[in-house]
Amino acid sequence: MISLSQYVEDISRSATTIFEGLAVTFSHLLREPVTIQYPDRTTRPVKEMLPPRYRGFLEVQIDICGACKRCEKICPVDCIKVEMTRDPATKQNLLTRFDIDISKCMFCGLCVEACEDGATGAIRHTREFEGAVGTLDALVFRFVEPGKSRPLYKTPKDKSTIPVGEVGPHAIEARERALRDNPPLFAKLREEAAAAKTGT
Ligand code: SF4
Ligand code: SF4
């Protein structure tokens, strides 16, 4: 059996705790909210507020892919599938499949590093992140149309001459990013575009 003083002390502590909790709750009524409604109440487009090295959906600039499979081999969750076939007429290897199952991707960036280090930089993260789709299959990005094939890109010795491709569902994003990451190439392409405009 507890003493009267202990009983009073318990009641007092309970009351104090309740008021402390309410004080915290009410103090939040007067604070600026930390969370904001997405996407309609942001002061700037969300894409502009992403960190510079944000890893969004992957993009493959398929016209500069040599099908070396570095990306496929390094992917820890096997979400990249690269397949080739040999054209019996020309004896050339052709790329017949380049799929990325983005629903499995954990955006680790290993494939991007592998391609940048040993190949052409064809695979990149874009700043795209809004991926709501009706079916899981729609999250498989197919960079070679099923049933079709394309020639393999032969990597030049001077990698600064690798062109920036424009093929793929997020190509514009990837292209902008590629240009941001490669200032000399960006400057060169800008000069070329200006020359083409003036017809010089
Ligand atoms: S590492 Fe690059 S060049 Fe090689 S298959 Fe992958 S995307 Fe293509
Ligand atoms: S980012 Fe990582 S998980 Fe996603 S495809 Fe590349 S290696 Fe695989």
**Prompt:** Which class fits the ring pair F129 and Y54: parallel under 30°, tilted 30 to 60°, perpendicular over 60°?
**Reply:** perpendicular

**Complete:** Minimal heavy-atom distance between L152 and L94, with the atoms involved, is CD2-C, 4.0 Å

**Asked** Rounded to the nearest 0.5 Å, how far apart are CD of E72 and SG of C79?
**Response** 10.5 Å

**Asked** Could you give the distance from NZ (K73) to SG (C111), rounded to the nearest 0.5 Å?
**Response** 14.5 Å

**Message:** Whether D99 and R142 form a salt bridge (side-chain N of Lys/Arg under 4.0 Å from carboxylate O of Asp/Glu) is what I want to check.
**Reply:** yes

**Prompt:** Under 3.5 Å, side chain of S12 to main-chain N/O of V8, donor-acceptor pair present?
**Reply:** no

**Request:** Answer yes or no: is there a donor N or O on one side and an acceptor on the other, between the side chain of R70 and the main chain of G118, under 3.5 Å?
**Result:** yes

**Item:** Flag side-chain contact, heavy atom, 4.5 Å: R150 against D63
**Value:** yes

**Prompt:** Say you draw a straight line from CZ of F141 to SG of C105; how long is it, rounded to the nearest 0.5 Å?
**Reply:** 9.5 Å

**Item:** Spacing of I80 atom CD1 and D101 atom CG [to the nearest 0.5 Å]
**Value:** 10.5 Å

**Prompt:** How about L50: does its CG atom have over 12 heavy atoms from other parts shown lying under 6.0 Å from it?
**Reply:** yes

**Asked** Which heavy atom in T161 sits nearest to a heavy atom in D158, and how many Å separate them?
**Response** OG1-O, 2.6 Å

**Asked** With a cut-off of 6.0 Å (strictly less than), are more than 12 heavy atoms of other residues, nucleotides or ligands near OH of Y7?
**Response** no

**Request:** Keeping the roles fixed (side chain from K159, backbone from A119), state whether a donor-acceptor pair exists under 3.5 Å.
**Result:** yes

**Request:** State plainly whether one hydrophobic cluster holds both F19 and L30, where clusters connect Ile, Leu, Val, Met, Phe, Trp and Tyr through side-chain heavy atoms under 4.5 angstrom apart.
**Result:** no

**Message:** More than 12 heavy atoms of other residues, nucleotides or ligands under 6.0 Å from NZ of K104: yes or no?
**Reply:** yes

**Request:** Could you check R55 against R127 for side chain to side chain contact (heavy atoms under 4.5 Å, CB included), going step by step and ending with a plain yes or no?
**Result:** CA-CA 6 Å; R55 295 180 194 156; R127 296 169 75 74; over 6 Å; no

**Single-linkage hydrophobic cluster, 4.5 Å side-chain cutoff, M84 and I123 together** = yes

**Message:** For V112 versus L58, what's the shortest heavy-atom pair and its separation?
**Reply:** CG2-CD2, 3.7 Å

**Request:** Determine whether I102 and V77 fall in the same hydrophobic cluster, where Ile, Leu, Val, Met, Phe, Trp and Tyr are linked whenever their side-chain heavy atoms lie under 4.5 Å apart.
**Result:** no

**Request:** Taking all heavy atoms of L110 and all of P76, pick out the closest pair and write down the distance.
**Result:** CD1-CG, 4.0 Å

**Asked** Side chains of I100 and V140: closer than 4.5 Å at any heavy-atom pair?
**Response** no

**Request:** List the atom of C65, the atom of L95, and the distance in Å for their closest heavy-atom pair.
**Result:** SG-CD2, 4.3 Å

**Prompt:** When rounded to the nearest 0.5 angstrom, what distance separates OG in S149 from CD in E83?
**Reply:** 12.5 Å

**Check: K91 main-chain N/O paired with R86 side-chain donor or acceptor under 3.5 Å** = yes

**Point-to-point distance, once rounded to the nearest 0.5 Å, from CD of E59 to NE2 of H125** = 12.0 Å

**Complete:** Minimal heavy-atom distance between D10 and I2, with the atoms involved, is OD2-CD1, 4.3 Å

**Prompt:** R53 versus P51: any side-chain heavy-atom pair under 4.5 Å?
**Reply:** no

**Item:** Common cluster, I74/F143, ILVMFWY with side-chain heavy-atom separation under 4.5 Å
**Value:** no

**Message:** Tell me whether E145 at atom CD has more than 12 heavy atoms from other residues, nucleotides or ligands lying less than 6.0 Å away.
**Reply:** no

**Message:** Would you say L22 ends up clustered with L29 if hydrophobic residues are merged whenever their side chains have heavy atoms under 4.5 Å apart, either directly or through other cluster members?
**Reply:** yes

